[in-house]
Amino acid sequence: MATPDIPISGLFFAFLLLAIPVLIMHKTRLPMMRETVWSFLRMSVQLGLAGIFLTVLFDYNNPLLNVLWLCVMITVAAYESVRKQELNIKKLYLPTVAAFVITTVLSLVYFEILIIQDGGIAEARFLIPIGGMLLGNSLGGTIIAVSLFYSDLRRNENRYISGLSFGAQRTEALLPYFRTALKSALKPSLGNVAVMGIVFLPGLMTGQLIAGLSPMTAITYQIALMLTIYTATTVCVTIAIILTSYISFDEFGMLKKDIFLRK
Amino acid sequence: MEEEIIRYDNVSVVFDGTTIIEHFSLAVCKGDKVILRGISGSGKSTLLKMAQGYTRPDNGMVSYRKHEIDADTAWHIRQETAYISQDSDIGEGTAREFIDGVFAYSANRTIPYRDSLNKYLTLFSLDETTLDKDFRSLSGGEKQRIAIIIALLLERTVFFLDEITAALDSQMKTTVADYFLSHEDWTVIAISHDEVWYRQEARIIPVGGI
């Protein structure tokens, strides 16, 4: 494998690039210098730790350890998705975790068994990056969709009430809100998919190309992954909304106000 | 004995620490036409929403056909009575898709509505081409009339109407008020500031201070 390491001096030159944005910010008095430097330092520390940790994980390649790490990733992902929506974490955390667990586990099993077909389901080099990509992507979509679903419902409650008064079941009256939420979650990925390969090469493909794999191998992985991510996002959004809705409504079918942090 | 439809018994509502409605009592029987009158913020809409269980009194009781409105009866009432809100921004797609959507609800699938639709469009001076326009692009008055038409197509006979003539021109206000007030067996509780509703056959009930 002819992938050269980036030497320390190379990393130095990479960091040297930051001098350009910092200089421009300084000259134009754009107060983002401190934030820029701080963010990249933080990123470097985080990635450094991840590097050490992943080295250990990959060396052991213990199925139990891999799955355990996946669980940590899911827990953090669900926490982030509830926190960012400014919804009540105590109430909505468990159903969101459940949505991520169900989606990630099902997609990973499907991806490893039916798509890659090599049987190495719990291998670190598949489980961690693929799981991470699935989570990372469905995380964004789920945040957008769930928060839009509940904020829309609160803002335009009369429309929901009208549906109920025209004889709708709760799910029937909620369907328009679900449609809007799912659409907003999927629109960005659809836009990405449309220009993929022409405008930009996605991270997974870039990585495999640098690692010396043939472009054809790289694109088959990319195609399979995009399909899986798109489906996973749809499923995750659907399950998250269904599960959270069980505890977000009272028996009269009305939205409980205490699921929001701010009244 | 008269058939009781809705009864408010000593209902009080507290909102953010302020009592909006205090000891409100009212019995509405079959065929009654009741107009709730009061300044805005007096809690009229809240009272109307209670009738279908969208809000609940902090004190007192609301009952429907002599049953206290609880979680079970609320779902039943929503299938039997019609509530039209003052907010008419209630649909998406074309007006026709919106109407078809309502009649695709599992509870409404057996209701034959297409035949009567044209009759009501004519009655309320709506052109058939209105149905093919985007619902959200319709005027407030057109949206209100579509909501009214849906309630009528559902063949409901008990109506809770919240300012449904506010966005209509004066002639249409009369047509709509006439239509609801003239059906003897219909039970109507309406909120309106429009004079057309204040008729002899209607009981005017003050809510809060006037």
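So that the names make sense, note that chain A is the first sequence line, chain B the second, and so on, each numbered from 1. These numbers come from a predicted model, not from an experiment.
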Item to check | Closest non-hydrogen atom pair, F98(B) against F166(A) | outcome: CZ-CE1, 4.3 Å
Checklist outcome for this item: Taking every heavy atom of E172(A) against every heavy atom of S106(B), the minimum-distance pair comes out as OE2-N, 2.7 Å
Checklist entry - Which one, G101(B), G91(B), A82(B), A74(B), leads in non-hydrogen pairs under 4.5 Å with chain A? => result G91(B)
Let me confirm one number: the [atom1]-[atom2] distance from [X] to [Y], rounded to the nearest 0.5 Å.
X       : Y       : atom1 : atom2 : value
S85(B)  : E157(A) : OG    : CD    : 10.5 Å
D162(B) : I161(A) : CG    : CD1   : 10.5 Å
S165(A) : K49(B)  : OG    : NZ    : 11.0 Å

Checklist outcome for this item: Honestly, the part of T81(B) sitting under 4.5 Å from a heavy atom of chain A is backbone
Checklist entry - Which atoms of Q52(B) come close to chain A, meaning under 4.5 Å heavy atom to heavy atom: side chain ones, backbone ones, both, or neither? => result side chain
For atom [atom1] of [X], is the number of surrounding heavy atoms from other residues, nucleotides or ligands below 6.0 Å larger than 12?
X       : atom1 : answer
E184(B) : CD    : no
M216(A) : CE    : no
K187(A) : NZ    : no

Residue pair [X] / [Y], side-chain heavy-atom distance below 4.5 Å:
X       : Y       : value
R78(B)  : Q169(A) : no
D250(A) : R56(B)  : yes
F252(A) : Y54(B)  : no
I90(B)  : N156(A) : no

Item to check | Best-contacting candidate, G163(A), P176(A), A168(A), S162(A), against chain B by heavy atom pairs under 4.5 angstrom | outcome: A168(A)
Checklist entry - Counting only N and O atoms by type, is there a donor-acceptor contact under 3.5 Å from the side chain of W75(B) to the main-chain atoms of G253(A)? => result no
Item to check | Check: D89(B) main-chain N/O paired with N158(A) side-chain donor or acceptor under 3.5 Å | outcome: no
Checklist entry - Relative to chain B, which segment of R179(A) carries a heavy atom at a distance below 4.5 Å: side chain, backbone, both, or neither? => result side chain
Checklist entry - With D134(B), which residues qualify under salt bridge (Lys or Arg N to Asp or Glu O under 4.0 Å), at least two apart? => result none
